[in-house]
Amino acid sequence: MTSLKNLHDFDKISFQKDLIDWFQKEQRDLPWRKDKDPYKIWVSEIMLQQTRVDTVIPYFNNFIEKFPTVDALAEANEEEVLKAWEGLGYYSRARNLQEAVREVKEKYNSQVPKKKEEIASLKGVGPYTTGAVLSIAFNLPEPAVDGNVMRVLSRILSIWDDIAKSSSRKIFETAVRELISHENPSFFNQALMELGALVCTPTSPSCLLCPVREHCHGFQEGVEDHLPVKTKKKKPRSIQLAAAVLTDQAGRLLIHKRPNKGLLADLWEFPNVELHLSFSDEKARLKDFLKETYHVTANPEHFLCSIEHVFTHLIWNIRVYKGELQTSVTESDKLKLVTIEEITKLAFPVSHQKILKAFLKNSKL
DNA sequence: CATGCGTGGTT
DNA sequence: TAACCAAGCAT
């Protein structure tokens, strides 16, 4: 572990003041900063995981309007919660949040717990979110180390550990425990993150505008552009899929609910199958798949569109066909026929929203 | 501890 | 435009 040698002659008190004073003046007016309701802080922190502030704002406002309290979210249908999360990504966050909120309702009388061990044990609440809720909502001096904090502190303290490694977080937690203001831990943590978002940005940080420039070892050493150290990620692999938009005689569409674990868990989709190299005729493969897997007879023969969808770790290339159902379908929890009206109530991944959009556009012609 | 898990914006 | 990023967590 890094020695954090730069902490020895670090003017902690002056740093805290410069940082917090700047935050008091310059902080953005964000919807989750209107009050200190721990439930709202919690929701915002889950949504903000790996997600930009500008993206989160409308989702947060809509979500809080629909589910204003712990009880409201605990009592909602999962379908409704996923619909409110549709398009935000990382959908297990939504299911974990609802599971955790239900635990808070049952075990803690609908009050978000203040004990670290209790909040940390909730589903979807890891080390960062634990510290964020404890410090921001309850003003307790706990570190909340996210990517911003690691970037900012790696520069200020000239820490050269690779922040892509999961072991590095502890180094920064140690640094925050040493530096955090016990008078205002909430503002201290938020200020570190806000500084990372507004000034100490990943590329071309605005050092000349930085309120803590005089405390920054990275700037003094002229190495701010070389920090943080972060190893590259691997390229995504690509997967070939064939999908079918199938209608019955009433014009209803056949949809399938994805498994409750893994990629896009619990979201709805149009029936689709992976195309391995061994299949040369994708329309025949799709037709066989529908028959074998869903016991559905159909003719997905008219090419509709081709869609590329990029995830963090893989790329879907979907070739989409449309057709008609030729026999009746046995519906279930996982397989449904829905009208265009009904389909809008269900949560679909963006890739399949693109398919629906292409189908609707094509149908009108 | 490395990997799987979304999406849209920037450079 | 491909690469990189944005307030991480579960496994």
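A note on names: the letters A, B, ... follow the listed sequences, proteins ahead of strands, and every chain is numbered from 1. Quantities reported herein were computed from a predicted structural model and do not represent experimental measurements.
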Touch class at under 4.0 angstrom, heavy-atom based, for I136(A) against every strand present
nothing
Choosing from dT7(B), dC9(C), dA6(C), which nucleotide comes nearest the side chain of R151(A)?
dA6(C)
By nearest atom, which of the nucleotides dG9(B), dC9(C), dT7(B) is closest to the R52(A) side chain?
dG9(B)
Remember a base hit wins even if backbone is also touched, and classify S351(A) as base, sugar-phosphate or nothing at under 4.0 Å, heavy atoms.
nothing
Determine the contact category for W32(A): base if any of its heavy atoms lies under 4.0 Å from a base atom, sugar-phosphate if only primed atoms, P, OP1 or OP2 are that close, otherwise nothing.
base
Counting the atoms with a prime plus P, OP1 and OP2 as sugar-phosphate, which does L88(A) contact under 4.0 Å by heavy atoms, base, sugar-phosphate, or nothing?
base
Per the side-chain contact (heavy atoms from CB on, under 4.5 Å) rule, which among L264(A), I343(A), L356(A) passes with F348(A)?
I343(A)
Check: L246(A) and P300(A) side chains under 4.5 Å, non-hydrogen atoms
yes
R93(A) vs dA10(C): side-chain N/O to OP1/OP2 distance below 4.0 Å:
no
Among the candidates dG8(B), dT7(B), dG6(B), find the nucleotide nearest to the side-chain atoms of Q50(A).
dG6(B)
Specify the separation, in whole Å, of atom NZ of K170(A) and atom C1' of dC9(C).
14 Å
Aromatic ring proximity F188(A)/F23(A), centre distance under 6.0 Å:
no
Validation row, ring centre F219(A) to ring centre H217(A) under 6.0 Å:
no
Any base atoms under 4.0 Å from R33(A), or only sugar-phosphate, or nothing? Heavy atoms, all strands.
base
Of P202(A) and K235(A), the one whose nearest nucleotide on DNA chain C sits closer to the 5' end is K235(A)
Across the strands shown, which category fits G262(A) at heavy-atom distances under 4.0 angstrom: base, sugar-phosphate, nothing?
sugar-phosphate
Should the side chain of Y90(A) and the base of dG6(B) be counted as holding a donor-acceptor pair, with the cut-off at 3.5 Å?
yes
Whether the side chain of T312(A) and the base of dG4(B) hold a donor-acceptor pair under 3.5 Å is what I'd like checked.
no
Spacing between I239(A) atom CD1 and dG4(B) atom P, to the nearest angstrom:
11 Å
If only side-chain N and O atoms of H313(A) are considered, is one of them under 4.0 Å from the OP1 or OP2 phosphate oxygen of dG4(B)?
no
Nearest whole angstrom, please: distance from the P of dC9(C) to the CE of M47(A).
16 Å
For atom CD1 of I46(A) and atom P of dA6(C), their distance in whole Å
20 Å
Of all the nucleotides listed (dC9(C), dC1(B), dC5(B)), which has the minimum atom distance to the side chain of L314(A)?
dC5(B)
Integer-rounded Å distance: dC9(C) P and L97(A) CG
13 Å
Base, sugar-phosphate, or nothing for K123(A), non-hydrogen atoms under 4.0 angstrom?
sugar-phosphate
Touch class at under 4.0 angstrom, heavy-atom based, for T55(A) against every strand present:
nothing
Can you check the distance between dC5(B) and dA6(C), where both ends of the measurement are the P atom (answer in whole Å)?
23 Å
Is T129(A) close enough to dC9(C) that one of its side-chain N or O atoms is under 4.0 Å from OP1 or OP2 there?
yes
Integer-rounded Å distance: dT7(B) P and K354(A) NZ
8 Å
Classify the nucleic acid contact of R237(A) as base, sugar-phosphate or nothing, counting any heavy atom under 4.0 Å across all strands shown.
nothing
When the distance from CG of L48(A) to P of dT7(B) is rounded to whole Å, what number comes out?
18 Å
Under 4.0 angstrom, heavy atoms only, what part of the nucleic acid is S44(A) near: base, sugar-phosphate, or nothing?
nothing
Hey, does V125(A) reach any base, or is it just sugar-phosphate, or nothing, if we go heavy atoms under 4.0 Å?
sugar-phosphate
Under 6.0 Å between ring centres, would you say that holds for Y59(A) and F63(A)?
no
If I pick the P atom on dG8(B) and the same atom on dC9(C), what distance separates them, to the nearest angstrom?
23 Å
Do H256(A) and Y294(A) have ring centres separated by under 6.0 Å?
yes
Looking only at dC5(B), dC1(B), dG8(C), the nucleotide nearest the S166(A) side chain is dC1(B)
Interatomic distance, K232(A) NZ vs dC4(C) C1' [rounded to whole Å]:
9 Å
Examine distances only and state if a side-chain atom of K105(A) and a backbone atom of D71(A) form a donor-acceptor pair shorter than 3.5 Å.
no
Report which part of the nucleic acid V310(A) touches: base, sugar-phosphate, or nothing (heavy-atom distance under 4.0 Å, all strands).
base
Test item: H295(A) and T330(A) side chains (from C-beta on) under 4.5 Å apart, heavy atoms
no
Strictly below 4.0 Å: does K234(A) bring a side-chain N or O up to OP1 or OP2 of dT3(B)?
yes
